[in-house]
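Since this is a predicted model, take the numbers as computed values, not measurements. Note that the numbering runs from 1 along the sequence shown for the chain. The basis for the numbers below is simple: all heavy atoms, side chains too, and nothing from hydrogens, waters or symmetry mates.
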Amino acid sequence: MSVPPAPDPETARLAVLHRLDLLDGPDSADFDALVALAAQRFACPIALLVLLDRDRLWFQATHGLEVRQIPREEAFCDHTIRGDQPLLVADAAADPRFRANALVTGQLGVRFYAGMPLAVHGQKIATLALLDRVPRDLTPEDVAALRQFGRIAEGLLQSRAADREAAQQASLAGRKARLLQRSERLAQFGAWELDLRTGLSFCSDEVFRIQGRPPGSGGLSRETGLEHVPQPDRDRLQAALDHSAATGAPLELELDFTTLQGDPRRVRVLAEAEQEDGLTVRLIGSLQDITETWAMRQRLQRMLQQDALTGLANRSLLQQRLDTALAAPPPAGQAVALLLLDLDNFQALNDRHGHALGDAVLREVGRRLQQAVGANGLAARTGSDEFAVLVPALEPERLPILASGLATLLRQPIPGAEGLTIALTISLGAALGPLHGADGEALMRHADIALSHGRRSGRGQATIFSPQIAERFDQRRDAIQLVSQALARGWLRPFYQPKYRLSDRRLQGFEALARIVTPEGRVIGPAQFWPALHDHDTARRVGTRMLEGITDDLRRWREQGLPATRIGLNVTEADFAGGDLAARVLARLEACGVPPTSLKIEVTETVFLADASPMIAETLAQLSEAGVDISLDDFGTGYASLTHLRDFPIQELKIDKSFTDRLEDDAGSALIVETMIRLAHGLGMRVVAEGVEHEEQHARLTRMGCDLGQGFLYGKPAPAEEAEARLAR
């Protein structure tokens with residue numbers, strides 16, 4: 001542990017000296033009279049009262065000498081203050097300490113010196129000095145007299161010090177009082193005292209100012225003070241004062257307040273009890289005007305609970321109101337209704353027309369929602385293009401009507417700049433409390449599940465939560481968790497189902513299908529994780545892993561000298577997100593040394609229906625130009641459009657298994673298949689029939705001119721090792 005350095009003695013001595021405020025000051029009659037008497041008593045031509053500064057001697061009073069200061073290094077007095085007794089020098093010219101001193105050798109010619117050290121507050125700051133130009137001795141009586149004169153001089157200095165300290169204290173007290181008054185005004189903070197025995201009160205000027213009264217208006221009664229507080233806060237304050245008086249407990253309240261002129265204010269009242277013999281005899285407290293601070297708090301509170309753009313409630317306030325509504329169950333036959341709304345394709349609107357128009361649209365949506373819910377509900381903006389409506393009491397059978405009404409209201413065109421008209425659609429999810437959730441978090445989650453379920457079914461849907469939807473949501477969540485685990489641990493890998501040319505049953509390639517293989521060797525098919533592929537992030541990660549696995553296998557087979565083959569990779573809308581699919585695929589092929597002709601991209605028509613259809617067409621064109629085959633999968637299952645065959649670079653058409661299954665027993669299916677084959681051939685495309693499981697199907701398809709077949713008749717999806725063995729035959 002370090003020890004702090006001791007204070008410098010010289011610094012402490014000088015501090016006492018400077019507090020006297022005598023240096024460089026005018027003459028003092030008391031000090032002048034003292035040195036004159038000393039000169040007369042000792043019959044000395046020179047008598048001095050000397051103050052010893054850091055580098056000089058200041059002659060506060062002189063007799064027989066006109067000089068007011070000399071350097072300290074020439075002074076006899078510097079030696080005097082080092083001791084506690086008078087310093088006597090009978091003959092300075094014979095004293096080794098002083099014989100070379102300029103005061104001795106110079107014009108002044110000092111030969112005799114007698115000095116008495118003088119202390120103030122224990123610090124030797126001055127001397128009373130006698131000087132003569134001839135040597136001399138002092139008798140014991142003279143020395144005793146010198147000590148007496150020294151005590152008088154010390155007394156004068158102590159008196160000066162006391163006067164200065166008293167003046168400083170008075171000044172400080174005045175400054176403190178002025179500072180307190182100014183602080184009270186700046187803080188709008190006043191003090192008060194109420195004597196419970198006499199009923200007398202005392203208030204500072206600031207209390208009167210807060211009340212709108214002139215300062216010094218005299219004592220105020222308790223009743224007069226209470227008159228400034230309107231109900232119901234007056235009763236609160238009255239009860240709190242009575243409680244403090246009875247128990248001695250402190251008091252702290254924020255209250256509405258009215259000045260004598262009728263101006264509304266907000267104040268904080270604090271009080272503590274002062275007791276004598278266990279009884280409360282007075283209350284001492286403060287009154288502070290917090291109107292501006294309170295108003296700022298209110299504004300901040302509104303900012304924290306209000307969406308700045310639309311003026312609607314934000315998510316935080318919505319959650320509070322939702323919790324409050326569920327805490328007190330609605331009347332019989334009614335429920336708490338929560339509806340979550342997403343504006344469909346709002347980001348595209350922003351990108352196309354700019355954020356200024358987008359903000360105007362959001363404000364208009366907010367205005368319409370606020371108008372729709374009125375005073376009985378709450379409209380909130382919970383995200384960029386996400387809104388919510390809370391109705392604390394609604395008949396459950398009216399929920400579909402409310403949802404439909406909101407959708408209709410928001411579909412009404414919104415006028416924009418330069419004659420532009422914006423037409424919106426919304427996706428909506430709704431839930432009822434406490435039926436679908438007893439607390440705010442659960443109800444919010446279930447409304448969001450309904451919204452997500454509806455959006456997966458297509459935009460513009462209004463979906464009300466149900467246990468069945470929750471079950472499907474849980475299945476999807478579990479599937480996503482399974483796939484995420486498989487991706488993290490390397491369990492997801494491609495299995496290969498062969499494709500054969502129907503005319504001679506020669507192997508023509510494979511379709512890669514995702515499978516999960518656990519460490520125990522259990523193979524998990526898509527039926528158990530298919531819902532996960534509806535999640536864009538998961539689907540994209542699966543697509544990336546499948547591309548890596550396929551290209552790794554193709555590279556290995558080429559290195560082994562196996563026959564060249566082509567593998568089909570299924571891609572989803574998620575794989576096209578970002579517009580970098582072509583670049584990623586071609587970069588991966590190049591990194592593995594695999595030619596683009598070894599890969600086929602299989603895509604369903606649902607992808608063509610996506611919002612990013614132009615970008616998808618461009619991506620497929622880039623892949624096709626590089627040599628990657630494009631195959632249209634599941635053709636004819638409900639989304640088929642001949643424009644897709646015309647507008648997209650497709651080299652292969654795949655007939656869905658549902659048609660192959662009914663080829664033998666349904667003439668309509670057979671006619672459709674034959675028509676699709678002729679159409680594809682007319683457009684220069686190959687045709688693959690999926691789901692071929694019987695020889696009869698194989699024979700019929702062959703007669704129809706179908707090019708390739710895929711199904712259990714030729715082989716089930718199998719690990720890379722089995723595909724490798726097929727290639728080696």
Side-chain angles (χ1 to χ4, degrees), residues 494-515 525-527 530 550 565-572 599-608 620 624 628-642 644-646 648-718 722-723 726-727:
F495 271 39
Y496 298 98
Q497 186 170 33
K499 298 178 184 178
Y500 280 85
R501 190 162 57 202
L502 296 182
S503 60
D504 57 8
R505 292 192 186 233
R506 291 182 64 86
L507 182 65
Q508 295 296 301
F510 301 89
E511 178 181 359
L513 301 167
R515 296 292 186 268
W530 184 256
I550 291 169
T565 190
R566 192 189 295 266
I567 296 179
L569 169 66
N570 291 285
V571 296
T572 65
L599 188 67
K600 184 193 305 289
I601 294 296
E602 300 197 10
V603 58
T604 64
E605 282 199 318
T606 55
V607 173
F608 295 158
L620 293 178
S624 180
V628 176
D629 252 15
I630 309 299
S631 177
L632 181 56
D633 202 2
D634 297 338
F635 186 72
T637 55
Y639 298 99
S641 172
L642 296 180
H644 297 155
L645 302 180
R646 180 194 64 191
F648 290 88
I650 299 169
Q651 288 83 40
E652 181 179 274
L653 199 66
K654 298 188 76 173
I655 298 174
D656 186 68
K657 182 180 182 298
S658 61
F659 292 101
T660 305
D661 287 343
R662 303 185 62 182
L663 194 61
E664 294 302 304
D665 58 9
D666 181 50
S669 293
L671 180 59
I672 291 173
V673 170
E674 190 169 9
T675 302
M676 286 192 289
I677 293 172
R678 290 177 181 175
L679 176 63
H681 286 168
L683 294 171
M685 301 176 187
R686 294 183 304 275
V687 180
V688 181
E690 294 185 298
V692 181
E693 298 180 357
H694 309 292
E695 287 292 344
E696 293 80 3
Q697 294 170 331
H698 172 91
R700 183 71 178 269
L701 288 165
T702 302
R703 290 194 298 272
M704 288 179 174
C706 185
D707 301 294
L708 304 174
Q710 178 182 342
F712 288 177
L713 178 62
Y714 314 111
K716 296 181 179 181
E722 293 190 24
R726 285 182 184 271
L727 286 172

Any side-chain donor near an acceptor of the partner, Gln497 and Gln710, under 3.5 Å: yes
His698 and Tyr714: side-chain donor and acceptor closer than 3.5 Å? yes
Can you tell me if CZ on Arg726 sees more than 12 non-hydrogen neighbours from other groups inside 6.0 Å? yes
Drop me the distance from Ile650's CD1 to Asp629's CG, to the nearest 0.5 angstrom. 11.5 Å
The reported gap from CG in Asp504 to CZ in Arg501 (rounded to nearest 0.5 angstrom) is 4.0 Å
The side-chain contact (heavy atoms from CB on, under 4.5 Å) partners of Glu602 (sequence neighbours excluded) come to Lys499, Glu511, Asn570, Lys600, Ser631, Asp633, Lys654
Minimum heavy-atom separation for [X] and [Y], please, with both atom names.
X: Pro717; Y: Leu513; answer: CG-CD1, 3.5 Å
X: Gly715; Y: Pro498; answer: O-CD, 3.7 Å
X: Gly691; Y: Asp661; answer: O-OD1, 4.1 Å
X: Arg515; Y: Gly525; answer: CD-CA, 3.9 Å
X: Met704; Y: Ala670; answer: CE-O, 3.5 Å
X: Ala514; Y: Pro526; answer: O-CD, 4.4 Å

Hey, are the side chains of [X] and [Y] touching, using non-hydrogen atoms and a 4.5 Å cut-off?
X: Phe648; Y: Ser624; value: no
X: Glu690; Y: Asp656; value: yes
X: Leu727; Y: Phe510; value: yes

I'd like to know if the side chain of Gln697 reaches the main chain of Glu693, judged simply by a donor and an acceptor atom lying under 3.5 Å from each other, with no hydrogens or angles considered. yes
Please confirm whether the backbone N or O of Ile630 pairs with a side-chain atom of Gln651, one donor and one acceptor, at under 3.5 Å? yes
Leu569 vs Leu599, side chain to side chain contact (heavy atoms under 4.5 Å, CB included): CA-CA, chis, key distance, verdict: CA-CA 7 Å; Leu569 169 66; Leu599 188 67; 4.2 Å; yes
Chi angles and distances behind the side chain to side chain contact (heavy atoms under 4.5 Å, CB included) call for Val688, Glu652: CA-CA 7 Å; Val688 181; Glu652 181 179 274; 3.3 Å; yes
Evaluate the side chain to side chain contact (heavy atoms under 4.5 Å, CB included) criterion for residues Ile550 and Tyr496: first the C-alpha distance (whole Å), next the side-chain angles of each, then the deciding distance (0.1 Å), finally the verdict. CA-CA 9 Å; Ile550 291 169; Tyr496 298 98; 4.0 Å; yes
Steps toward side chain to side chain contact (heavy atoms under 4.5 Å, CB included) verdict (Leu701, Leu663): CA-CA 9 Å; Leu701 288 165; Leu663 194 61; 3.7 Å; yes
Distance-only donor-acceptor hits, side chain of residues 671-682, under 3.5 Å, sequence neighbours excluded:
from: Glu674; atom 1: OE2; to: Arg678; atom 2: NH2; distance (Å): 3.0
from: Thr675; atom 1: OG1; to: Leu671; atom 2: O; distance (Å): 2.8
from: His681; atom 1: NE2; to: Asp707; atom 2: OD2; distance (Å): 2.8

